[in-house]
Amino acid sequence: MGVRNYLIEGPSGSGKTTVAEALERLGHHVVHGDRQFAYYGAPATGEPLDAPAFADGMDAVVWGYRHWIWPVERVRAIIADQGEAMTFFCGRSRNRDQFIGLFDAIFYLEVDPLTLDRRLSTRPPDVFGGKPIERELAMRLNASREDVPAHAVSIDATAPIDRVVDRILSECGARG
């Protein structure tokens, strides 16, 4: 929905939602991808899927992570609507390769292991990362950096939120 469109990604607990809310307070258009339209589906086709009947365990957590996707056509439609000067999409999607090329820039919120563990340990159990097994996966993915998008602009998300947002806006050629 923007003339310019940006993706803000990072591991669970990196501050994507906090950044999104700060951008909204400044009057920017924000799409909370994980809250507004993410679902469990087949990354290649977008077909909705029901979670398999795993017992509680890492297999279930990994399956959920690998199948957390956004509806490609909806993302494309929002990007094609140029009613806003800038739109920030915040969240993670396992099928991002199908639309990542449509963004003007991708920002990846970086956090060190201690900060990430501290942030995740304060989450309630109904928010991803709030359960020890989910925290374990988030910590492992953060350490491996296997999921950092190519060409992403690294943002130090351990800085105070106003500095994180200012850095993102500066990279976009905008002011807070």
Side-chain angles (χ1 to χ4, degrees), residues 6-23 30-72 75 88-101 103 105-161 163-165 167-168 171:
Y6 303 98
L7 177 61
I8 299 173
E9 272 212 11
S12 296
S14 63
K16 296 178 299 291
T17 299
T18 302
V19 167
E21 291 167 349
L23 287 165
V30 174
V31 175
H32 294 267
D34 291 338
R35 290 181 175 178
Q36 291 177 294
F37 51 58
Y39 64 98
Y40 294 115
T45 65
E47 175 188 355
L49 298 173
D50 291 325
F54 290 119
D56 284 340
M58 187 56 79
D59 287 343
V61 174
V62 169
W63 184 93
Y65 175 80
R66 290 186 178 156
H67 292 89
W68 188 247
I69 65 173
W70 293 358
V72 174
V75 172
F88 294 92
F89 288 72
C90 299
R92 296 197 90 179
S93 172
R94 300 307 347 124
N95 63 338
R96 70 172 178 227
D97 290 343
Q98 295 181 39
F99 51 78
I100 200 165
F103 292 101
I106 298 99
F107 300 104
Y108 191 81
L109 303 180
E110 303 266 1
V111 291
D112 61 85
L114 291 174
T115 300
L116 184 60
D117 189 54
R118 180 179 44 79
R119 289 179 181 179
L120 292 174
S121 68
T122 63
R123 286 190 166 181
D126 62 338
V127 175
F128 189 86
K131 296 176 186 165
I133 197 162
E134 296 166 345
R135 188 165 44 254
E136 178 184 336
L137 176 63
M139 297 294 292
R140 188 171 68 211
L141 291 168
N142 188 55
S144 73
R145 298 185 49 77
E146 68 188 63
D147 218 17
V148 178
H151 312 295
V153 175
S154 178
I155 304 291
D156 176 6
T158 63
I161 188 63
R163 284 199 298 184
V164 173
V165 170
R167 169 81 195 286
I168 290 169
E171 291 286 338

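Contact of the Trp68 side chain with the Asp34 side chain is registered, since non-hydrogen atoms from C-beta on lie closer than 4.5 Å. Looking at heavy atoms from C-beta onward, Ser14 lies out of side-chain contact with Glu110 at the 4.5 angstrom threshold. When side chains are defined from C-beta on, Cys90 does not count as touching Thr17, because their heavy atoms never get closer than 4.5 Å. Looking only at side-chain heavy atoms (C-beta outward), Ile168 and Phe88 come within less than 4.5 Å of each other. Within the 4.5 Å cutoff, side-chain heavy atoms of Ser12 are placed close to those of Arg123. Ile100 has its side chain within reach of Ile106: a pair of non-hydrogen atoms, C-beta onward, lies under 4.5 Å apart. No side-chain heavy atom of Ser154 sits under 4.5 Å from any side-chain heavy atom of Phe107.
With respect to the salt-bridge test (charged N to carboxylate O, under 4.0 angstrom), the residues Arg94 and Glu9 do not qualify. With respect to the salt-bridge test (charged N to carboxylate O, under 4.0 angstrom), the residues Asp117 and Arg135 qualify.
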side-chain contact (heavy atoms from CB on, under 4.5 Å) between Glu47 and Ile69, intermediate numbers included: CA-CA 10 Å; Glu47 175 188 355; Ile69 65 173; over 6 Å; no
Worked verdict on Phe37 versus Val31 for side-chain contact (heavy atoms from CB on, under 4.5 Å): CA-CA 9 Å; Phe37 51 58; Val31 175; 3.6 Å; yes
Val164/Thr18 under side-chain contact (heavy atoms from CB on, under 4.5 Å): CA gap, chis, key distance, verdict: CA-CA 10 Å; Val164 173; Thr18 302; over 6 Å; no
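With values rounded to the nearest 0.5 angstrom, Thr45 atom OG1 is found 8.5 Å from Gln98 atom CD. With rounding to the nearest 0.5 Å, the separation of CZ in Phe89 from NZ in Lys16 is 16.0 Å. To the nearest 0.5 angstrom, Leu49 atom CG is 11.5 Å from Tyr40 atom OH. To the nearest 0.5 Å, atom CD of residue Glu136 and atom NZ of residue Lys131 are 14.0 Å apart. For the atom pair CG of Asn95 and NE2 of His67, the computed distance is 11.0 Å after rounding to the nearest 0.5 Å. Rounding to the nearest 0.5 angstrom, the gap separating the CD1 atom in Ile133 from the CG atom in Asp59 is 8.5 Å.
Of all heavy-atom pairs spanning Tyr108 and Pro11, the tightest one is OH-CD, 3.4 Å. Taking every heavy atom of both residues into account, Asn142 and Pro113 meet most closely at ND2-N, 4.3 Å. Gln36 and Val30 make their closest contact through OE1-O, 4.2 Å (heavy atoms, listed as atom of the first residue, atom of the second, distance). For the residue pair Thr158 and Val111, the shortest heavy atom distance occurs at CG2-CA, 4.1 Å. For the residue pair Leu7 and Phe103, the shortest heavy atom distance occurs at N-CD2, 3.7 Å. Heavy atoms only, all atoms of each residue included: Leu109 and Ala157 are closest at CB-CB, 3.7 Å.
The aromatic rings of Phe99 and Trp70 sit parallel to each other, their planes meeting at less than 30°, with 60° as the upper class boundary.
Not a single donor-acceptor pair under 3.5 Å links the side chain of Tyr39 to the backbone N or O of Pro71. Judged purely by atom type and a 3.5 angstrom limit, Glu171 has no side-chain atom pairing as donor or acceptor with the backbone of Arg167.
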